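Written below as structure tokens is the structure these notes are about.
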Amino acid sequence: MTTPSSRSRRVVVIGTGDVGATTAYTLLLRQRMTELVLIDVNKELALGQALDMNHGLPFVGGVKVWAGDYSDCKDAAVIIIAAGAAQRPGETRIDLLNRNAGIFDQIIGNIVKYNDNGIILVATNPVDILSYVSYKKSGWPAHRVIGSGTLLDSARFRYLIGQQKHLDPRSIHAHIIGEHGDSELPVWSMANVAGAALDLSESTQEEIFDNTKNAAYAIINAKGSTYYAIALALDRIVTAILQNESSVLNVSTLLDNYHGISDVYLGLPCVIDSTGVREHLEIPMNDKELELLNASANKLKSEIAKVNL
């Protein structure tokens with residue numbers, strides 16, 4: 001079978017609204033692939049985004065960009081799904097479920113019609129549930145159906161800790177795991193700087209986590225949607241796949257007896273390479289963190305049960 005690392009470096013972005021277009025532009029600027037295909041139910045929007053990017057090729061070069069259709073998913077190494085209804089002010093990610101599950105039924109059906117060995121990367125919210133829906137609807141092995149998970153949440157977490165400690169966030173090692181949403185949890189027991197434990201009061205920890213969890217709501221209330229940071233997170237995942245990095249990233253993946261949790265997608269530290277999720281890292285957690293992770297899993301399972309699979 002052809003593997004992603006031996007195919008043309010084609011990336012398809014489905015959905016060219018704020019998140020999809022910003023992700024495509026980020027990938028283009030960093031020249032992650034040789035071919036970039038934009039697909040949208042609004043074909044004029046996809047065409048306009050592709051034309052706009054093509055006009056910048058004299059400054060960056062090296063990438064073929066076009067507005068296509070689902071037949072262009074053939075031979076794609078990575079197919080990013082950013083299509084769906086956007087989160088409205090005051091609305092949770094779970095509130096989006098009913099509107100987006102139906103949209104995904106059509107999208108996944110069209111993808112698998114033309115591609116059987118790529119990697120699906122889901123960005124649409126609620127991302128954990130829609131990743132599970134994509135896994136079930138596609139029939140693909142779970143390691144090739146990935147959600148953006150808590151990679152962005154962890155980045156926000158590290159940024160806020162860095163602000164508090166006056167340190168570069170890249171030097172902060174800290175994880176947000178579980179749902180990409182209200183039941184996510186911080187793994188404070190593992191948070192460190194170069195192996196040294198973080199010296200933060202309980203009230204400071206609570207404030208940092210609260211600001212992390214509610215960051216998207218603050219941005220949506222201020223400007224309508226979030227897209228810059230999630231585009232960078234998606235770019236990071238795509239790079240790990242295309243360059244076969246074996247990097248550890250907090251993506252949403254199917255759990256199978258992970259600390260006793262199974263049959264649900266949650267954000268966890270995973271090794272990402274050209275095959276997708278190569279393995280999950282079973283990180284040590286204290287009893288409270290395990291309790292919160294189980295609560296997050298149970299919440300998502302109850303929502304998944306409402307979806308017609």
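Given the structure is predicted, the values throughout are model-derived calculations rather than measurements. We number each residue from 1, following the sequence as shown.
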_Checking side-chain polar atoms at under 3.5 Å, does Y159 have a donor or acceptor matched by the opposite partner on N211?_
no
*Which atoms form the tightest heavy-atom contact between P186 and F157, and what is the distance?*
CB-CZ, 3.7 Å
_Is the shortest side-chain heavy-atom distance between I120 and V122 below 4.5 Å?_
yes
_Can a donor-acceptor pair be found, under 3.5 Å and without considering hydrogens, that links the side chain of E289 to the backbone of L185?_
no
*What's the shortest heavy-atom distance between F104 and A83, and which atoms?*
CE1-O, 3.8 Å
_Tell me if a side-chain donor or acceptor on D210 pairs with a main-chain N or O of E206 at a distance below 3.5 Å._
no
*Output all residues satisfying salt bridge (Lys or Arg N to Asp or Glu O under 4.0 Å) with D105, sequence neighbours left out; order by chain, then residue number.*
K137
*Between D18 and S225, does any side-chain donor sit less than 3.5 Å from a side-chain acceptor?*
yes
*Is it true that the side chains of T204 and Q164 contain a donor and an acceptor less than 3.5 Å apart?*
no
*Judged by modelled atom types alone, do Y132 and D263 share a side-chain donor-acceptor pair under 3.5 Å?*
yes
*Say you draw a straight line from OG1 of T239 to CZ of R32; how long is it, rounded to the nearest 0.5 Å?*
3.5 Å
*For the pair D40 (side chain) and T16 (backbone), establish whether a donor and an acceptor sit closer than 3.5 Å, ignoring hydrogens and angles.*
yes
_Polar side-chain atom of N286 near backbone of S189 as donor-acceptor pair, under 3.5 Å_ = no
*Taking all non-hydrogen atoms of both residues, which atom of V19 and which atom of A82 are closest, and how far apart?*
CG1-CB, 4.1 Å
*Side chain of N54, backbone of G56: donor and acceptor closer than 3.5 Å?*
no
